[in-house]
Visitor: 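Once you've had a glance at the structure underneath, I'll fire off some questions.
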There are 2 protein chains.
Amino acid sequence: MTAKDNRPLTLRDVSEESGVSEMTVSRVLRNRGDVSATTRERVLAAAKRIGYVPNKIAGALASQRVNLVAVIIPSMSNMVFPEVMTGISDALDETDLQPVVGITGYQPEKEEKVLYEMLSWRPSGVILAGIEHSDASRAMLRASGIPVVEIMDVDGTPVDSVVGISHRRAGQQMAEAIVESGYKRIGFLGTKMLLDHRARKRFEGFTQALAKAGIEVADQEFYSGGSALAKGREMTADILKRTPDLDFIYYSNDMIGVGGLLYLQEQGIDIPNQIGLAGFNGVNLLKGLPKRLATMDACRYDIGKQAAEIIAARVDQEDEVEPTTVMLEPTIDFGDTFRNH
Amino acid sequence: MTAKDNRPLTLRDVSEESGVSEMTVSRVLRNRGDVSATTRERVLAAAKRIGYVPNKIAGALASQRVNLVAVIIPSMSNMVFPEVMTGISDALDETDLQPVVGITGYQPEKEEKVLYEMLSWRPSGVILAGIEHSDASRAMLRASGIPVVEIMDVDGTPVDSVVGISHRRAGQQMAEAIVESGYKRIGFLGTKMLLDHRARKRFEGFTQALAKAGIEVADQEFYSGGSALAKGREMTADILKRTPDLDFIYYSNDMIGVGGLLYLQEQGIDIPNQIGLAGFNGVNLLKGLPKRLATMDACRYDIGKQAAEIIAARVDQEDEVEPTTVMLEPTIDFGDTFRNH
DNA sequence: GTGAAAGCGCTAACAA
DNA sequence: TTGTTAGCGCTTTCAC
């Protein structure tokens with residue numbers, strides 16, 4: 001037996017209950033304008049008594065303001081985006097803006113759909129992962145007239161503002177560090193990269209920098225789906241069967257790297273002397289491992305935080321603000337899987 | 001240079017562009033009512049040409065319908081809720097409902113706030129984790145008059161419908177299995193449980209069932225914060241220093257369990273003969289480990305899926321439907337850390 | 001098959 | 001400090 005019969009309460013109900021005009025009730029509930037302490041308390045008491053919950057739909061329509069920020073990301077199930085979200089939440093907690101999340105599953109068509117859905121709620125801003133979007137998506141974003149921040153990746157042309165790292169450069173830096181440490185027979189294991197542009201850019205930067213040192217990737221393999229940890233084990237076993245003389249494996253993310261690390265330790269292989277390893281992302285998980293996998297911090301928290309701050313700033317000062325570009329500097333953490341460190 | 005000057009487009013703009021009345025434009029855009037193919041195409045073309053995105057705020061206010069389902073959960077950063085969300089999304093994908101997520105951080109006051117915010121958007125339904133809520137929260141839920149499904153836990157009195165497992169029983173079952181396998185000196189490691197009711201219930205069921213077998217928990221420790229994997233290592237080391245003769249450790253979640261498992265393997269301890277281990281949740285991660293930790297599937301995906309299905313069914317048939325209770329049966333996976341299995 | 005009028009519940013702007 | 005009036009952009013209802 002739920003209370004279904006009674007229509008939702010309105011301002012009018014509070015007004016009648018308190019004997020104060022709707023307008024003044026509205027002011028009290030929003031802490032807007034001057035209201036006498038007496039009236040204020042009478043209204044608050046009445047609202048509480050009848051259990052009034054404001055209708056934001058009506059409020060948003062009337063005020064033409066929605067305190068929502070659309071956040072559009074590919075996934076929530078790996079470790080990377082939750083941390084971005086934390087940064088966004090922390091920044092927005094200081095404002096009256098609220099994040100609303102949409103998930104694209106790395107599919108451009110889904111992104112377009114989610115974006116359309118989100119924009120139809122007229123949010124105050126949009127944060128979206130990546131810098132590659134369909135023409136239709138870009139058009140929607142531009143036409144929306146609201147602040148847009150693309151995050152994670154700065155290698156490309158943003159619609160408006162952008163906060164991220166250069167994944168191409170991240171790949172290069174890792175390659176340089178590997179070469180510098182004297183590794184020569186280098187393998188790469190990663191996700192299928194048709195839709196993961198950031199992984200692709202890292203790989204491109206990686207091979208480029210190796211080429212500069214006269215080295216070619218000795219072997220490589222790509223996966224999709226499944227438990228990353230398990231995939232890391234399998235692929236590591238595979239690649240070493242195929243190419244036993246590898247002395248370094250670069251993984252496109254930390255989870256498959258950890259899978260590989262655990263497998264190699266089990267096999268009694270000397271890490272980092274016989275084989276060196278590195279991943280990417282700087283996930284917190286690594287801290288609890290027997291050996292800490294070398295990795296590169298992707299600045300996820302900061303990216304989220306700064307993106308949200310840009311939105312918040314734009315919302316405050318309605319006037320024309322120039323698009324911002326923030327390029328963060330990821331740093332290598334050599335952990336215990338890198339020779340000479 | 002963003003296009004800020006031009007106000008967002010309205011139905012009226014599409015109407016003018018296409019030479020069709022606002023009303024008919026509205027019908028086309030919603031696929032409602034009979035519209036001639038000619039008119040339909042003319043409208044669609046016009047909408048696309050000028051880049052119109054409907055205003056759902058206005059639509060929702062006018063129609064008194066919002067295709068949103070509020071999902072309120074404690075956290076997104078562990079492995080459990082993302083999987084619940086996947087179940088919810090999968091179920092809602094077959095409807096025109098959309099999930100909107102709010103995060104409480106396990107804090108009742110935050111839950112109350114988030115719930116209030118969410119309800120003020122007048123969603124079509126609410127799914128919220130746990131069955132313990134403040135009186136104010138319960139009152140809001142009841143007063144909202146919309147379908148409510150509490151998830152994860154069935155040990156208590158729901159506001160409306162509920163889908164979950166009995167955590168008390170889960171703890172009992174694990175205790176029984178441990179006793180049956182002949183373990184005698186049993187330790188417990190878990191989170192501080194003041195606010196994590198489900199962990200508390202598992203612990204209560206666990207100690208209860210042990211008591212029935214004449215066994216008391218030999219040692220225990222609780223943590224909060226930090227990397228679960230690292231905490232699992234530390235606490236495992238600690239508890240064995242204090243109580244070296246333990247022959248089983250029950251962890252309140254898989255992540256700290258894995259930390260413990262990796263630590264003990266490093267120490268050369270024979271698992272499961274010298275010490276047996278078990279966690280809780282059945283996270284996918286376990287598959288990639290050298291030894292698979294014993295665990296108990298918490299039916300997370302199914303819980304999400306069924307909860308969403310209940311909401312969807314309720315939204316369809318407006319008429320009074322009885323509150324549903326669905327109690328799922330978790331199963332033990334003995335993995336490689338349980339003697340005699 | 002199409003259009004005109006009314007109003008969803010709230011807030012901006014102005015009046016008192 | 002408080003109240004009144006007029007919409008916000010759409011959908012419902014009813015008329016054509």
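FYI, side chains are in, hydrogens and waters are out, and symmetry mates aren't considered; it's all heavy atoms of this structure.
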Visitor: Starting from C1' on D:dT12, measure out to CG on B:Leu11 and report it in whole angstrom.
Guide: 14 Å
Visitor: Working to the nearest 0.5 Å, report the span between CD of A:Gln98 and OG of A:Ser89.
Guide: 9.5 Å
Visitor: Would you list the pairs meeting salt bridge (Lys or Arg N to Asp or Glu O under 4.0 Å) in which at least one residue belongs to residues 71-81 of chain A, sequence neighbours left out?
Guide: none
Visitor: Examine C:dG9: is either OP1 or OP2 under 4.0 Å from a nitrogen or oxygen in the side chain of A:Arg12? Give yes or no.
Guide: no
Visitor: Using 4.0 Å as the upper bound for N to carboxylate O, is an ion pair formed by B:Asp13 and B:Arg7?
Guide: yes
Visitor: Can you see if the side chain of A:Arg30 gets near the phosphate of C:dT11 - specifically, an N or O under 4.0 Å from OP1 or OP2?
Guide: yes
Visitor: Taking atom types as modelled, find out whether B:Thr86 and B:Arg300 have a side-chain donor-acceptor pair closer than 3.5 angstrom.
Guide: no
Visitor: How many whole angstroms separate atom CG of A:Leu9 from atom P of C:dC8?
Guide: 15 Å
Visitor: Taking CD from B:Glu16 and C1' from D:dG9, how many angstroms apart are they, rounded to a whole number?
Guide: 14 Å
Visitor: Pick one: which of B:Asn31, B:Thr24, B:Asp34 meets side-chain hydrogen bond (donor to acceptor under 3.5 Å, both in side chains) with B:Arg40?
Guide: B:Asn31
Visitor: Verify the neighbour count for atom CZ of B:Arg49: are there more than 12 heavy atoms of other residues, nucleotides or ligands below 6.0 Å?
Guide: yes
Visitor: Reckon B:Ser26 has a side-chain N or O less than 4.0 Å from the OP1 or OP2 of D:dC10?
Guide: no
Visitor: So do the side chains of B:Met152 and B:Ile165 get within less than 4.5 Å of each other, counting heavy atoms only?
Guide: no
Visitor: For DNA chain D, what residues of residues 50-70 of chain B have any heavy atom nearer than 4.0 Å?
Guide: B:Tyr52, B:Asn55, B:Ala58, B:Gly59, B:Ala62, B:Ser63, B:Arg65
Visitor: Could you measure the distance from the CG atom of A:Leu195 to the CZ atom of A:Arg198? Nearest 0.5 Å is fine.
Guide: 11.0 Å
Visitor: Please list each protein N or O that sits under 3.5 Å from an N or O in nucleotides 2-5 of chain D, with the distance.
Guide:
from: D:dT2; atom 1: OP1; to: A:Ser36; atom 2: OG; distance (Å): 3.0
from: D:dT2; atom 1: OP1; to: A:Thr39; atom 2: OG1; distance (Å): 2.4
from: D:dT2; atom 1: OP2; to: A:Ser36; atom 2: N; distance (Å): 2.8
from: D:dT2; atom 1: OP2; to: A:Thr39; atom 2: OG1; distance (Å): 3.4
from: D:dG3; atom 1: OP2; to: A:Ser21; atom 2: N; distance (Å): 3.1
from: D:dG3; atom 1: OP2; to: A:Ser21; atom 2: OG; distance (Å): 2.8
from: D:dG3; atom 1: OP2; to: A:Thr24; atom 2: OG1; distance (Å): 3.0
from: D:dG3; atom 1: N7; to: A:Arg27; atom 2: NH2; distance (Å): 2.6
from: D:dG3; atom 1: O6; to: A:Arg27; atom 2: NH1; distance (Å): 3.3

